[in-house]
Amino acid sequence: MEWTHRDLQSDAGKLNPGPGLGVGPKYGFPGLGSDKLPEDWCDSGLDSLISTEFISMDGSDPVQITAEPADPWGAVRCGVTSEETETERLDSAIGDSINDETVKSLSERIGTVILSEPSGTLTHRPGPEVHDRRREEIFNMLSFISEDGDTALHLALIHEQWEFFHHLLELITLNPTWTPYLDIQNDLGQTALHMAVIVGRGECVCALLRAGASVELQDRGGNTALHLAVCELHAECVRELTNSRRTLPQHLNLYNYTGVSALHMAVQKGRCDLISTLLDAGADVNQMDQGSGRSPLHWAVECQSRSAVELLLQRGASVDQRSYSGHTALYCALYRPDARLHELLRTAGASDAQDDEEEDDDEEEEEEQRESDEEEFDDVIINGQRVL
């Protein structure tokens, strides 16, 4: 322990203690130095604690002194009063030799004592038993699976225990064979990366990607982490996922089980910032959904999002691309209220001829339907009579 002592001055002025510290207004010690101690001198214990070898009283500034391991309660000397009258000495250290005047004088002279740890504290390396116990604790923690299929990593994200999450991730990255632990899916098919996106923690998404988490795994609905990031409108998570080297262009174009990509979902949400982020990362601007073959431009027209239509056209969307039913984006716009989209698509080069062909085909189908309805069925006989 280190002792810091601040010397306080009395009203009478600065006192100059001798080699030892006694009591009273003047702290002189007969017999110190080369002189011999009195024969009836006894071990009171008090003076050894505050002797010059232990606490210095000479300076006015605090002094840092480290206590020696040896017993400081030895080689004590009792003081005398200013009248050179030797005080009574007892072996009890605190007894008749310490009177009220002594305590008052001592309290006036001793200031604040601050205790602190020694600077040279020795650190002990844990033994093999400690390492084995820690290894077993880590193994048990990584082996834990909840009733919902959640790992400790899932639960750390669910309960927002960020420090534990990063600590656990550091342990996993110490051993490359533990990387598959990151891709364990719970009963909903969600990995830790899905969970980090759901709670909207971009820094956790980044940490998982750096640790080796897979980006193409799909949950029970077929959604990748990128699908969920777009659906939840977590722009930071979308940026982390698209900027990662682990996210390849084919991962951007993955369909969920409803047949739409992350870009289709961004268009449906009307978020041009997410659309730009996905296109910058390499998403296909003309990708057709699996349900009807509509491109993102079709979706933007159907959502009546003028800003999304303009952005997609600027990024190279095909204005005359047809869906599975043969409809172009302009055809979809003709039957919707925003007339500005008609002009915008025609300005971008949409062909009216294709739409005229669509209208002619529709008219032909209607004509065929009418002719079919007007045909007479003369082969129906009821009760032996032909029905006209």
Side-chain angles (χ1 to χ4, degrees), residues 216 218-224 226-231 233 249-272 274-279 281-375:
E216 69 270 16
Q218 297 170 283
D219 64 9
R220 192 169 60 179
N223 296 305
T224 64
L226 185 59
H227 280 96
L228 294 181
V230 174
C231 183
L233 302 180
Q250 57 266 30
H251 298 153
L252 300 173
N253 300 323
L254 289 174
Y255 295 103
N256 62 10
Y257 295 159
T258 60
V260 298
S261 66
L263 181 58
H264 287 96
M265 297 178 70
V267 172
Q268 186 183 36
K269 296 290 184 179
R271 289 288 298 268
C272 291
L274 301 182
I275 297 173
S276 297
T277 301
L278 292 170
L279 293 175
D284 185 5
V285 69
N286 293 316
Q287 184 180 12
M288 301 168 64
D289 66 47
Q290 292 183 322
S292 60
R294 294 172 296 170
S295 68
L297 185 60
H298 286 88
W299 281 57
V301 171
E302 293 177 0
C303 293
Q304 296 288 277
S305 176
R306 181 181 177 86
S307 58
V309 170
E310 291 177 344
L311 177 59
L312 290 170
L313 290 174
Q314 292 173 1
R315 303 301 293 267
S318 176
V319 70
D320 290 330
Q321 184 174 343
R322 292 174 177 266
S323 64
Y324 293 157
S325 60
H327 297 155
T328 63
L330 181 58
Y331 178 83
C332 297
L334 292 175
Y335 299 94
R336 284 175 172 79
D338 193 350
R340 296 177 299 175
L341 295 181
H342 310 163
E343 300 175 0
L344 184 61
L345 291 170
R346 289 192 176 96
T347 303
S351 175
D352 292 332
Q354 293 181 352
D355 297 299
D356 293 339
E357 293 177 0
E358 295 287 344
E359 293 178 359
D360 294 340
D361 293 340
D362 292 341
E363 292 177 359
E364 291 178 0
E365 291 178 359
E366 292 176 0
E367 182 67 21
E368 292 176 357
Q369 184 66 30
R370 283 194 299 269
E371 292 177 356
S372 177
D373 294 340
E374 293 174 358
E375 290 180 356

| Does L263 reach the side chain of L252, with side-chain heavy atoms less than 4.5 Å apart? | no
Taken in chain and number order and not counting sequence neighbours, the residues that satisfy side chain to side chain donor-acceptor pair (under 3.5 Å) with T258 are N256
Correct closest heavy-atom pair for D320 and S351 would be OD1-N, 3.2 Å
Chi angles and distances behind the side chain to side chain contact (heavy atoms under 4.5 Å, CB included) call for V267, S305:
CA-CA 8 Å; V267 172; S305 176; over 6 Å; no
Side-chain (Q218) to main-chain (Y255) donor-acceptor, under 3.5 angstrom:
yes
One should read off an interatomic distance between C272 SG and L312 CG, to the nearest 0.5 angstrom, of 8.0 Å
The reported gap from CZ in R336 to OH in Y331 (rounded to nearest 0.5 angstrom) is 10.0 Å
For L330 and A350, the nearest pair of non-hydrogen atoms, with its separation, is CD2-CB, 3.9 Å
Taking every heavy atom of Y324 against every heavy atom of D289, the minimum-distance pair comes out as OH-O, 3.7 Å
| said: Looking at R294, is its backbone amide N or carbonyl O close enough to the side chain of H327 to form a donor-acceptor pair, meaning the two atoms are under 3.5 Å apart? | reply: no
Note: E216 and L254 closest approach over all heavy atoms is CB-CD1, 3.9 Å
### Query
Quick one: does Q321's side chain have a donor or acceptor within less than 3.5 Å of a partner on N286's backbone?
yes
In this structure, OH of Y257 is separated from CD of Q290 (nearest 0.5 Å) by 11.5 Å
Taken to the nearest 0.5 Å, the spacing of R306 CZ from L344 CG works out to 5.0 Å
In short, I275 meets A266 closest at the heavy-atom pair CG1-CB, 3.9 Å
**Prompt:** Would L233 and R271 count as a side chain to side chain contact (heavy atoms under 4.5 Å, CB included) if you check the C-alpha gap in whole Å, the side-chain angles of each, and the deciding distance to 0.1 Å?
**Reply:** CA-CA 8 Å; L233 302 180; R271 289 288 298 268; 3.6 Å; yes
Interatomic distance, OG1@T328 vs CG@L297, rounded to 0.5 Å, equals 9.0 Å
Nearest heavy-atom contact between H298 and A329 is NE2-N, 3.5 Å
So CG of L313 and CZ of R315: to nearest 0.5 Å the spacing works out to 12.5 Å
Sequence neighbours excluded, the answer for side chain to side chain donor-acceptor pair (under 3.5 Å) partners of D338 is R340
| said: As a quick check of understanding, evaluate side chain to side chain contact (heavy atoms under 4.5 Å, CB included) for V260 and M265, giving each step before the final call. | reply: CA-CA 7 Å; V260 298; M265 297 178 70; 4.0 Å; yes
* Asked: Distance-only, no hydrogens or angles: does the H264 side chain make a donor-acceptor pair with backbone N or O of G259 under 3.5 Å?
  -> no
Discussion item. Checking the side chain of D284 only, and the main-chain atoms of N253 only, is there a donor and an acceptor separated by less than 3.5 Å?
Written reply: no
